[in-house]
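Reading through the structure tokens given below for one structure.
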Amino acid sequence: MQLRPRFGLYALVTVSVLVSFLPIIWLILTSLKTTAGIYAWPPQYIPDPFTLDNYINIIQNSPELLIYVWNSFVVGFGTTVFTLVFGSMAGYALSRLGMRRAGILMIFILAVSMFPPVSLIPSLFQNFLQFGLLNTYIGLIIAHTGLFLPFAVWMLASYFATLPVEIEEAARMDGMGTFRIFRSIVIPLSWPGFVATGLIVFIFSWNEFPLALVLMTENAMRTAPVGISLYPGEYAFPWETISTATVIAIIPILMITAIFQKQIVGGLTAGASK
Amino acid sequence: MSKTAPSIERKRQKTGMAFITPTLLIITAILVYPILQSVVLSFGESSIDGSVPYKFVGFKHYFALLQTERFWNALTVTVIFTAISIPLELILGIGLALLLNEHFRFKGIARLAVLFPWALPTALNTLMWRWMYNTDYGVFNAVALQSGLADRPINWLGDDVLAMGAMVTVAVWKTSSFMALIILAGLQSIPRDLYEAGRMDGMSRWQEFREITLPLLKGPILVALIVRSMDALRTFELPFNLTDGGPVTATESLSLYAYKVIFDFVEFNFGAAIVVVQFLVIFAMSLIYIFTLRNKD
């Protein structure tokens, strides 16, 4: 392993890290510049002067940008809860209850998870319109739950499969029913699986674009990625506002990935190699 | 299981069904039924708000599709985009994975840096890049002009080839990390003693890579390739936010074209035909995926 000089290794790592962070760093720097600084020549690589005006401005004058972030929270949270509840039940049934045709059902769930969201749009839009679900939190939450349930079922099923079966058998001997075993033994034992699945589903929902774009047509109901993308309207892009709003909208995701890095990577790679 | 009495077994099956029913209902309502409905819509005339009663017209929209140049353009753009970005992502992904598999300090930060582009919303990532590509105030042109690499601002998103290159760059930047993480997991499962044996035989590092690492990574690489190809074939918010498909239609993906047909041109049933074709392409890919996985076991 020592054949290659360490210097080369560190140089490569540094370049990769820089390239990964560069757009985000540039965005944050832009959000800390004055409007004159953003459009200055020669370009300002370091904000001069540093200012938080853009952030204050958004809070005072463009509260809709904060509402987008709030909408993303509501939808992401609701989707995560629904997905974990239904996904864990299905995953448990498929991995532990010796169901007939469990294998076929798992393949079916995997297959439908690959449907492209845009091909759902004509029908979902029409049906949501008819049932009054456009521009409602519950509508987009149901849609996202449908999109991400397959992933959750697979992840949780593979997690349950790693639990020692003896505990459940002992509980069954004691006369506990399936539902009680699930609720008071399986769930408490599986919280790491729930955390990893829940975090990834939350990120998926936060980032989802086509359905959030089509099913939330009212400005006040838009999620952060959609609302910010559509913010400028017809004319020039107000980059001082856009960059600042984008920073605010990605902070929750940056924090989640930084804190729960191990769980997310573990969940992703386990999910993909199944 | 063989010892359980039949009645208990039956009760268990019933509980299992009860546990799985909510999931099947939601998946049916959100994924399965809409696809079927899109197929029905693509064979008829109706309106998005249901004010026009449905009338069956057969393959009319599909015939029209075959003669629509913009559809073929969108299909070509999507295939070119996929065919260029996936190999680049794979090469960079393998490189990154090999790098992250080495031992060095601050490895946590490096892995986090690689994870960030993947974790952030594509729509917002794209906005960041669009700002950097900006002709008048973007950082790329600032550096190019100041360093003398260019003598006038480059219109990155205003040229057919450059715009496609810009789009590929954003995709590669975002998803090489995903490839890297999957391949890294595969790397870490390769037993160390294989390399020691290789060293005994006097293998060079390149030979080690070619003859030990790469063959054992076939599974993870295949998974990453197929997942990413399906992703690239349905790319939507990337061209939506970067170029809106432009200049003219040079970067208009199939998803973006379908969206415009449905909501901007209000040709609802024609749009349904487009999404059905797209669905068939991607579903064929997913079948290949599932069969390769089954054969792997």
Side-chain angles (χ1 to χ4, degrees), chain A residues 3 9-10 12-13 16-17 20-21 23 26-27 38-39 43 86 89-90 92-93 97-99 107 110-112 114-116 118-126 129-130 143 145-146 149 153 178 203 206-207 209-210 225 228-229 239 242-243 246 249-250 253 257-258 261 265 268-269 272-273, chain B residues 1 12 15-16 19-20 22-23 26-27 30-32 34-35 37-38 41 48-50 96 99 102 104 110 112-117 119-121 123-124 127-129 131-132 137 139 142 181-182 185 205 220 223 227 230 234 236-237 241 255 258-259 262 268 271-272 275 278-279 282 286 290:
Chain A
L3 287 178
L9 177 66
Y10 278 98
L12 278 173
V13 171
S16 319
V17 170
S20 283
F21 276 131
W26 187 246
L27 182 84
I38 289 177
Y39 302 110
F86 298 137
M89 287 165 61
Y92 185 66
L97 294 183
M99 281 189 67
I107 297 280
L110 179 65
V112 298
M114 291 161 188
F115 289 1
V118 172
S119 55
L120 311 170
I121 280 177
S123 155
L124 279 185
F125 183 85
Q126 202 173 36
L129 182 71
Q130 202 178 347
T145 304
L149 249 180
V153 171
T178 307
I203 294 177
W206 190 277
N207 296 355
F209 195 84
I228 294 171
S229 302
W239 281 108
I242 296 293
S243 61
T246 304
I250 64 176
I253 300 296
T257 23
Q261 195 204 139
V265 172
L268 267 185
T269 47
S273 51
Chain B
M1 200 93 41
R12 235 177 159 197
T15 320
F19 268 39
I20 199 176
T23 291
I26 295 175
I27 286 177
I30 300 298
L31 299 171
V32 180
I35 295 288
Q37 200 183 353
S38 290
L41 289 170
I48 203 160
D49 58 1
L96 273 175
L99 201 58
E102 297 281 320
F104 56 87
L112 192 60
V114 171
L115 188 59
F116 271 155
L120 300 181
L124 299 182
L127 283 183
M128 297 177 200
W129 279 87
W131 172 228
M132 295 200 296
Y137 311 107
V139 65
L181 291 174
I182 292 178
R205 274 193 79 104
V223 172
V227 171
M230 288 192 299
R234 62 188 179 204
F236 177 70
E237 58 261 51
N241 264 359
S255 290
Y259 171 83
I262 295 169
F268 185 49
V275 302
Q278 188 185 16
F279 169 76
I282 293 178
S286 75
I290 288 169

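Looking only at heavy-atom pairs under 4.5 Å with chain B, the residue among A/Trp239, A/Phe125, A/Trp26 that has the most is A/Trp239. Options B/Leu181, B/Ile262, B/Asp49 differ in how many heavy-atom pairs under 4.5 Å they form with chain A, and the most are formed by B/Leu181. Of all the listed residues (B/Leu96, B/Ile27, B/Ile48), the one sharing the greatest number of non-hydrogen pairs under 4.5 Å with chain A is B/Ile48. For the options A/Ile38, A/Val17, A/Leu120, heavy-atom pairs under 4.5 Å to chain B are most numerous at A/Leu120.
Heavy atoms of B/Leu41 lying under 4.5 Å from chain A belong exclusively to its side chain. Residue B/Ala258 touches chain A through its side chain alone, counting heavy-atom pairs closer than 4.5 Å. Only the side chain of A/Leu129 comes within less than 4.5 Å of a heavy atom of chain B; its backbone N, CA, C and O stay farther away. For chain A, the nearby parts of B/Phe279 are the backbone and the side chain; heavy atoms of each come within less than 4.5 Å. B/Phe268 touches chain A through its side chain: at least one heavy atom from C-beta onward sits under 4.5 Å away, while N, CA, C and O do not. Both the backbone and the side chain of B/Leu31 come within less than 4.5 Å of a heavy atom of chain A. For B/Ile282, the part lying near chain A is the side chain, with the backbone staying farther off; criterion is any non-hydrogen pair under 4.5 Å. At a 4.5 Å heavy-atom cutoff, the contact between B/Leu115 and chain A is made by side-chain atoms alone. With a 4.5 Å cut-off on non-hydrogen atoms, B/Trp131 touches chain A through its backbone and its side chain both.
Judged as a side chain to side chain donor-acceptor pair (under 3.5 Å), and not counting sequence neighbours, the contacts of A/Ser123 are A/Asn127, B/Gln37. For A/Tyr39, the ring-ring contact (aromatic ring centres under 6.0 Å, His included) partners at least two apart in sequence or on another chain are B/Tyr137.
Looking at A/Thr257, its side chain never comes within 3.5 Å of a backbone N or O of B/Phe116 through a donor-acceptor pair.
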